[in-house]
**Q** 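Pasting a structure below so you can have a look.
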Amino acid sequence: MWGSHWTMELEKKGIPGVFIVDAPFEADTQITCDKEGMSRLRRVVVPHPCGDVSDEQLPVFMPQFVAALTSPLSEEERSPPAKKMETAARIAFKGTLDEVNQFFYKRGWSDGLPLIPPTQKAVAQMLKGTRHPAEEIVTTNMLPESMTVTVEQVATVAVMAGCESRYMPLLLGIIEAFDNEWFSSTVRSTTSFSFAIVVNGPGAKKIGMNAGVNALGSGTGNKANATIGRFLRLALICLGGSRSSINDMSSMGNPSKYSFAFAENEAKSPWEPYHVSLGFGAEQNVVTVLTGGWSHNSPFGKVEHDALRGLDSIARTIANYELPNGCLLLMDPMSARKIAAQGYTKQAAEEYVWSRATRTLADFQADPFYSWFIEPVLKGKEWYGKRAQWPASFLELRPDELLPVFPVGSVRIVVVGGETNTFTQAWQLARPTPVLFDKWQ
């Protein structure tokens, strides 16, 4: 996506360009070219992975590069035809439940699980969950294809996912939160990203979200968590244009892509809630979307006998996560209370884990993403519009010196669970995007 985008930007500045693409990404490249109005962008397809193309193979491709850079533009390239936009029918299909599901599945409007048909009556009922008009635009940048989404379209996907109308303000908040450019690569990545939805405030309990036993799992009592989590994935597909093997290039995928939504167990936590740590008021209703989800470790039960040894165990484990993102620690209330009893505030516990998640400088620099994301930041470059918190002094350390691998503030704790044991789950989740969702009432 980004490679073809940059090539088109050069072309617009009058600099000839040819995009080199390896075979699995041809469809993704074409989607980007169509979207940005340069469908005929010149490109040369090479074997996958392109980094393994040997010097001996280059003579096969060099004439193609030269021709693409020097041949005069064709009439179609100079004046590309306007893309025809089809008006979608109000009623897409009529049939039985099974026929509707087959219709949606064949058109790529499904996550593979059975869907609730979004009939006009069902969508109208879903819209009763918000005072906002059906035609109101929620976002003009629904990823991956930067599509415009209305309130009614959110309601339609909510029906498909099995949601209830009382969830609508939260669902609209999720779509608003997802309008964030730093998610643009993660939705297309080969790394199998998922997106966690953390809900805070009294509204979570009001709509029946589970913060206790089995809050992250599939099971009885989990309708809100399961369908809200599923909603986001279906929204990516139906409202954002995500398609496996076209622009969703997850090499293996991971099961948390189906559904990953839960409420924090604020009532049983010894600390302030997650959204308060982010600067919101305790009584405000906040939904936070985080990205990552491909690395996960648990149960870290050592907290039961020695709270600090338990935190040390967590720190040693997450230190080996790929950089540059941080980590979300999902901690059962029993674990949180054990740590709090040792005199630790939540911030102190987070800082303790962060400070002990260390590697040597040599190992830090050996991370595959160091040269891409971290070294430029250490030298003063902004990272997603911000100054990351690795200090420039890291460049002056000896190879054997230990240093914290994550940016300051990127190890966060959320208390969730039903107090059946002192367990903690560590998830590689970062880039939190919080949104107040009461405004969508």
Side-chain angles (χ1 to χ4, degrees), residues 126-132 136 138-139 151 154-155 158 163-180 195-216 221-229 231-232 260-290 328-337 339-340 344-351 409-419 429-441:
M126 187 64 66
L127 284 168
K128 292 180 179 179
T130 177
R131 292 191 298 270
H132 290 254
E136 181 177 341
V138 184
T139 180
V151 170
V154 171
C163 296
E164 297 182 17
S165 60
R166 57 181 175 156
Y167 308 166
M168 272 296 287
L170 172 58
L171 303 181
L172 291 162
I174 290 169
I175 298 300
E176 181 186 348
F178 213 75
D179 185 357
N180 191 322
F195 300 94
I197 298 167
V198 183
V199 184
N200 284 102
K205 185 176 181 180
K206 185 177 179 180
I207 64 174
M209 291 199 74
N210 182 11
V213 173
N214 201 30
L216 273 65
N222 267 25
K223 179 181 180 180
N225 294 27
T227 58
I228 290 167
F231 162 81
L232 176 55
F260 196 173
F262 61 93
E264 182 165 19
N265 197 339
E266 300 174 20
K268 297 298 180 70
S269 173
W271 299 312
E272 78 277 7
Y274 179 64
H275 68 311
V276 173
S277 299
L278 295 179
F280 295 93
E283 294 303 308
Q284 291 182 299
N285 292 311
V286 178
V287 57
T288 305
V289 178
L290 302 97
L328 193 69
L329 304 180
L330 305 182
M331 189 172 289
D332 187 272
M334 290 177 68
S335 297
R337 287 197 295 271
I339 296 164
Y344 280 79
T345 64
K346 185 169 71 166
Q347 182 179 3
E350 292 168 343
E351 290 179 353
S410 62
V411 175
R412 295 283 196 173
I413 293 173
V414 171
V415 177
V416 61
E419 304 177 283
L429 288 163
R431 305 179 192 172
T433 302
V435 163
L436 286 163
F437 61 87
D438 276 342
K439 71 178 185 181
W440 291 108
Q441 294 283 354

**Q** Measure the CG-CD1 distance between Leu170 and Ile207 for me, rounded to the nearest 0.5 Å.
**A**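 It comes to 4.5 Å.
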
**Q** Closest heavy-atom contact between Val416 and Pro333?
**A**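 Minimum heavy-atom separation between Val416 and Pro333: O-CD, 3.9 Å.
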
**Q** Which heavy atom of Met209 sits nearest to which heavy atom of Asn225, and what is that distance?
**A**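 Shortest heavy-atom contact: CA-OD1, 3.4 Å.
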
**Q** Enumerate the residue pairs fulfilling salt bridge (Lys or Arg N to Asp or Glu O under 4.0 Å) with a member in residues 268-282, sequence neighbours excluded, ordered by first and then second residue.
**A**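 Sorted pair list: Lys268-Glu419.
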
**Q** Which pair of non-hydrogen atoms, one from Ala177 and one from Thr433, has the smallest distance, and what is that distance?
**A**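 Result for this residue pair: O-CG2, 3.2 Å.
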
**Q** Tell me whether Arg166 contacts the main-chain N or O of Lys206 through its side chain, where contact means a donor paired with an acceptor under 3.5 Å.
**A**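 Yes; at least one donor-acceptor contact below 3.5 Å.
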
**Q** Can you tell if the side chain of Leu278 reaches within under 4.5 Å of the side chain of Thr288, non-hydrogen atoms only?
**A**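 With C-beta onward as the side chain, the pair touches.
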
**Q** State, with a plain yes or no, whether a side-chain heavy atom of Trp440 is found less than 4.5 Å away from one of His132.
**A**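 Yes, side chains in contact.
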
**Q** Ring centres under 6.0 Å, that's the criterion: do Tyr167 and Phe231 meet it?
**A**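 Between Phe231 and Tyr167, which both carry aromatic rings, the centre distance is not below 6.0 Å.
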
**Q** If the plane angle is over 60° it's perpendicular, under 30° parallel, otherwise tilted; pick one for Phe280 and His275.
**A**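 Correct class here is parallel.
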
**Q** What's the shortest heavy-atom distance between Val415 and Trp271, and which atoms?
**A**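 That closest heavy-atom pairing would be CG2-CE3, 4.2 Å.
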
**Q** Between Leu216 and Phe260, is a side chain to side chain contact (heavy atoms under 4.5 Å, CB included) present by the stated rule, with each step listed?
**A** CA-CA 7 Å; Leu216 273 65; Phe260 196 173; 4.0 Å; yes

**Q** Taking the side chain as every heavy atom from C-beta outward, state whether Val199 and Ile228 have any pair of such atoms under 4.5 Å apart.
**A**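 In short, these two side chains do not touch, never coming nearer than 4.5 Å.
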
**Q** Taking the side chain as every heavy atom from C-beta outward, state whether Pro202 and Asn285 have any pair of such atoms under 4.5 Å apart.
**A**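 With C-beta onward as the side chain, the pair touches.
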
